Structure formats: C-alpha cells, structure tokens
There are 2 protein chains.
Amino acid sequence: MELDRLDRDIIGALVEDARATYAEIGQRVGLSASAVKRRVDRLREAGAITGFTARVEPSALGWTTEAYVELFCAGKTSPADIGVAVARHPEVISACTITGEADALLHIRATDVRHVERVIERIAAEPFVVRTKSSIVLSRLIDAPSATPRNESPSPA
Amino acid sequence: MELDRLDRDIIGALVEDARATYAEIGQRVGLSASAVKRRVDRLREAGAITGFTARVEPSALGWTTEAYVELFCAGKTSPADIGVAVARHPEVISACTITGEADALLHIRATDVRHVERVIERIAAEPFVVRTKSSIVLSRLIDAPSATPRNESPSPA
DNA sequence: GCTGAAATTCGACCTCG
DNA sequence: CGAGGTCGAATTTCAGC
C-alpha cells in the first residue's frame, strides 16, 4: 500500500496524540475532519495503523525494574518455539531473534531486582535454553512513543 | 500516588484501545462514563498515564529493519552525555544504560541493513564511543502494546 | 468538503458515606 | 470532602450527498 505525505502527517499526529479529534488533526495537516476520518479508517483497514494505546508510566504501576536478557538456545530451536515459550512469561514485553552469538533478546519488566532474578530463573528453566546473559537497565535515556523513528520519514540518506 | 483496582482496570482498557469511549470503558469496569473521565483526567494529571499514541506497523512506513547496538564508552562518560548524543540520531528509538560489559544499549530502526550500517557508523563516530557491538533483528516474537507487562498487575510472587 | 443526525464529551449539580 | 451518578449543552463522529 502506498502512503502519501498526508497519510504520514496524519499518522504522525496520531502517534503524538491518539485521542486528538479529527478536526484537530485536519487543521494540522490541512484537511477537513471528514477527510481525516476516511484516511484514518483506511490506514487501519490497511494495517498501517494497528491500534491505539495509552502510554503508561510503568513505575506508577509498580514496574520499577527492567532488564534485557540474551538467550542462548539448543542447536535446533525454532524462533516459533522460543516465541511460544517466552510468551508464557508476562514479564517479557518484547522478544526477538537476533544475529550474533545469542539466539534471542528479551526485554523484561519486573517489580524489583529480585523479581527479575526469578523471571530469568523461570526462563532459564525452559528446556531449550542453554544459557542466559542479562543486563539490568540502570537509566532509560530514550523511549520513543512508537516503534517508529522519531519525527522522521524514511530517508536512508 | 495510590492506584486502586478501578484505576488499573481503566488503564488496562486504555492500553488495549486508547480511543475507546468513556461509556465503553465504564461498562467494562463498572462505572459511569463521567466517573471514568474523572479518573482518566486524574491519572493523566498524576502522570500515571503519560499520553495516548497510535500503534503503527513500522514496515508500512518503510522501516523494515531493526537492530540492537551495545555501546562501549570512554572511561568517564556520563549517562546524560550518552543520552544527548544518541538523541541526535532519530533512528534510535530507545536507549538505556545497562549493567555488564557494555555501557549502553540502543534499539534502532532503519529502512534496510545498509541504513543500519550507516547509523552505527555515525554513532561510532561520537567522540566518547570506544567500540560498538550490534545485532540485527531477525524476527520479532513479541511486541507488547505498552511498556507494561501484558495483562498483569505487579505480583512479584 | 459539506451537512445533519446520532453519539460522545464535559461541566454543573445532586447524593451518599 | 471525596467519589459516583444524572442531566443537558457543546462538541465530535459518521454516513450520505
């Protein structure tokens, strides 16, 4: 699907404030409220916008500690197997397979360091996990609102 | 600030769908629309909810490649210095200082592998960066909607 | 992009413990 | 006084046109 400048601007506005009214977005991108709504509906339909979510301060909910855990897996473990297994641990908020020595990298949130330790122990107990290597987050420097580069359009230049 | 069950349920509903109406949320948590709005306003005021954002499919916008980059910095580099420097690179969507050998871990999004390479080169050129170690993401297994553990209340047990 | 009907937001006011 | 419910006006959504 092809996204033009207007689509990107609308997405940018919604990433900044998902509860903005169509009129507000329209004013910003130079379109009527109706036109904005039609485009937003189309962008959702097309899967470019997958939903809307609240940004939460994890510490306000008691999640004060985060860590990254590298997983070293047994020879023929499939990414799907890893995915299914780590999905059973709700503290894992993001997981992916990666190049390099480790097979997967997990991002976990916990209530404190002891909780982190227990989660790592539980994950290390998964049959295919050979070894783990973890790093506790000391201070967060950047946390982009979305999974998309900040205020940018793709320009590989 | 103290969050009760109702607050957590409301936050849960908003994390799932930030554009849900107050009436819909109220139905789900057992409150009138007005009561929900009052609590949401209070939660934003208190900073527990920091905003609302659209969830975007990065590939739809052309961001098809992601990578994690470990930064090894010169002896007395402060986290703040790292933060300021990496914030200049829009491809860095998340960054934090961590325990372990590396000093910081960056998550970057790019249009392709060549773009990743260029970004790493630019970051490696920062004066305080001694060395980098990067991993390209092969496949994403989990991507939680929010920075908060999935469908969970903190229960370190 | 405009228009009008339906739905939602949002403040005011009232009630309860 | 804090927290919830109800009501009505203003705003927003949304489906034609």
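Source: prediction; values computed, not measured.
- No hydrogens or angles were tested; on distance alone, a donor-acceptor pair under 3.5 Å links the side chain of Ser34(B) to the base of dT6(D).
- Counting to the nearest Å, the P atom of dC14(D) and the CD1 atom of Ile25(A) are 12 Å from each other.
- Between Arg19(A) and dT12(D), a side-chain N or O to OP1/OP2 separation shorter than 4.0 Å is absent.
- Considering CD1 of Ile25(B) and CG of Leu31(B), their distance stands at 10.5 Å, rounded to 0.5 Å.
- Under the 4.5 Å side-chain heavy-atom criterion for Ile, Leu, Val, Met, Phe, Trp and Tyr, Leu6(A) and Val56(B) are members of the same hydrophobic cluster.
- Considering only side-chain atoms of Tyr22(B), the nucleotide from dT12(D), dC14(D), dT9(C) that sits closest is dT9(C).
- Within the 4.5 Å cutoff, the side chain of Thr77(A) has no heavy atoms near those of the Asp103(A) side chain.
- Rounded to a whole Å, the CD atom of Gln27(A) is 15 Å from the C1' atom of dG1(C).
- When the P atom of dG11(C) is taken as reference, atom CG of Asp41(B) falls 7 Å away, rounded to whole Å.
- The base of dG1(C) is paired with the side chain of Arg38(A) by a donor and an acceptor separated by under 3.5 Å.
- Heavy atoms of Ser32(B) sit under 4.0 angstrom from at least one base atom.
- If you take CZ of Arg44(B) and C1' of dC10(C), they are 15 Å apart, rounded to a whole angstrom.
- Glu101(A) and Arg131(A) are not joined by a salt bridge, as no carboxylate oxygen comes within less than 4.0 angstrom of a charged side-chain nitrogen.
- Rounded to a whole Å, the CZ atom of Arg39(B) is 11 Å from the C1' atom of dG2(D).
- The separation between Leu31(B) atom CG and dG2(D) atom C1' is 14 Å, rounded to whole Å.
- Between Lys37(B) and the phosphate of dC10(C), there is a side-chain N or O to OP1/OP2 separation shorter than 4.0 Å.
- In this structure, Asp4(B) atom CG and dA3(D) atom C1' are separated by 10 Å, rounded to whole Å.
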